[in-house]
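These values consider heavy atoms only, across backbone and side chains, with no hydrogens, waters or symmetry-generated copies. Remember, it's 1-based here, ligands and their atoms both numbered in the order they're listed.
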Amino acid sequence: MGTQKGKKTVLNFDSEEDVSKALAKYTADLSEKFIKEKGSFTVVLSGGSLIDTMRKLVEPPYKESVDWSKWWIFWVDERVVPLGHDDSNYKLAYDGFLSKVSVPSSNIYAINDKETPEGAAADYEARLKQLVESKVLPLSAVSGFPKFDLMLLGMGPDGHVASLFPTRPHRHEKERLVTFITDSPKPPPPRITFTFPVINSASEIAMVVTGAELAYMVDVALGSAPPPDGIPPPCTEVSAEEELTWFLDKDAASKLQTSG
Ligand SMILES: O=C1O[C@H](COP(=O)(O)O)[C@@H](O)[C@H](O)[C@H]1O
């Protein structure tokens, strides 16, 4: 299992609707804190169900109270498809979130969708390094990797986070900031993804997990269930430098409550 550096908090809610409300307040509070401290807020999004669960953030009061002009947006993983494709995590986030708030377009770091997976990963990594040069992204004093303020992560039923899958060796990458995969077990196959050294250098991470189909994997990550085939899945390796917060609805936490 991963080494927890910062604090770990598990929050249980009655429903996905309550997770959505709590996630909006958590994100808005962190936005205010980081903007006060350093003048900007760097946020890393996932795809999947997360974007829908973020829906309360683009409703009153947060739609008006959050200083969107100071936000910078990145993706922890992306499918290597055109940005307008239905499989694109950028399109998902644009339609459900970014089109409703006024984050400056120059602060939104979509992938270069004209590249191969290898080229898109190298391009994204180079752009992150430029942001380190220009002091938008600090380096973690602990790991030496770029340090984002907040990562919002989902999890698959196989325990994958970002596009780091249990059965693919790139989950063990330790040097690169961004890597690629051409045979993702979950379609579409070509993807790029942040590596664990970058993910685990974030100040704050929210693991947002809802639905009964994820209950077993939540029990593996947080409870007493043994990992499949005895191999800890990627979700067990997530840790944040300051705080990792799990947001669970009743269904996702159901096995945890009975076994733990
Ligand atoms: O393929 C992906 O899956 C994970 C989990 O998605 P979910 O729909 O089960 O929430 C997601 O976090 C990742 O960004 C995405 O590319």
What residue and atom, counting heavy atoms only, is the protein's closest point to atom 9 (O) of ligand 1, and at what distance? M155 O, 3.4 Å
From atom 15 (C) of ligand 1, work out which of V208, T53, L152, D77 has a heavy atom at the shortest distance. D77
Does the side chain of T9 pick up a donor-acceptor pair with the side chain of T245 at under 3.5 Å? no
With no hydrogens and no angle check, just 3.5 Å: does a side-chain donor-acceptor pair link D149 and S203? no
For D123, salt bridge (charged side-chain N to carboxylate O under 4.0 Å, His left out) partners two or more places apart: R127
Check V76 against ligand 1 and report side chain, backbone, both or neither, counting heavy atoms closer than 4.0 Å. neither
Out of M207, K186, E213, who is nearest to atom 2 (C) of ligand 1 when you count heavy atoms only? K186
Between K38 and S40: side-chain donor-acceptor atoms closer than 3.5 Å: yes
Please list the nearest protein heavy atom to atom 10 (O) of ligand 1 with its residue and the distance rounded to 0.1 Å. S49 OG, 2.6 Å
Interfacing atoms of ligand 1 (cut-off 4.0 Å, heavy-atom, N89): 14 (O), 16 (O)
Under a 3.5 Å threshold, yes or no: a donor from one side chain and an acceptor from the other, between D77 and T193? no
Using the ring pair (Phe, Tyr, Trp, His ring centres under 6.0 Å) rule, collect all pairs that involve residues 36-67, keeping only residues at least two apart or in two chains. F34-F41, F41-W71
Polar contact flag, side-chain donor to acceptor under 3.5 angstrom, R176-T195: no
Would you check the N or O atoms of G47, main chain and side chain alike, for any that come under 3.5 Å of an N or O of ligand 1? yes
Of all the non-hydrogen atoms in the protein, which one sits nearest to atom 4 (C) of ligand 1, and at what distance? H160 NE2, 3.3 Å
Below 4.0 angstrom from a heavy atom of R191, which ligand 1 atoms are there? Numbered from 1 as shown, please. 1 (O), 2 (C), 16 (O)
For atom 1 (O) of ligand 1, which protein heavy atom lies nearest, and how many Å away is it? R79 NH2, 2.9 Å
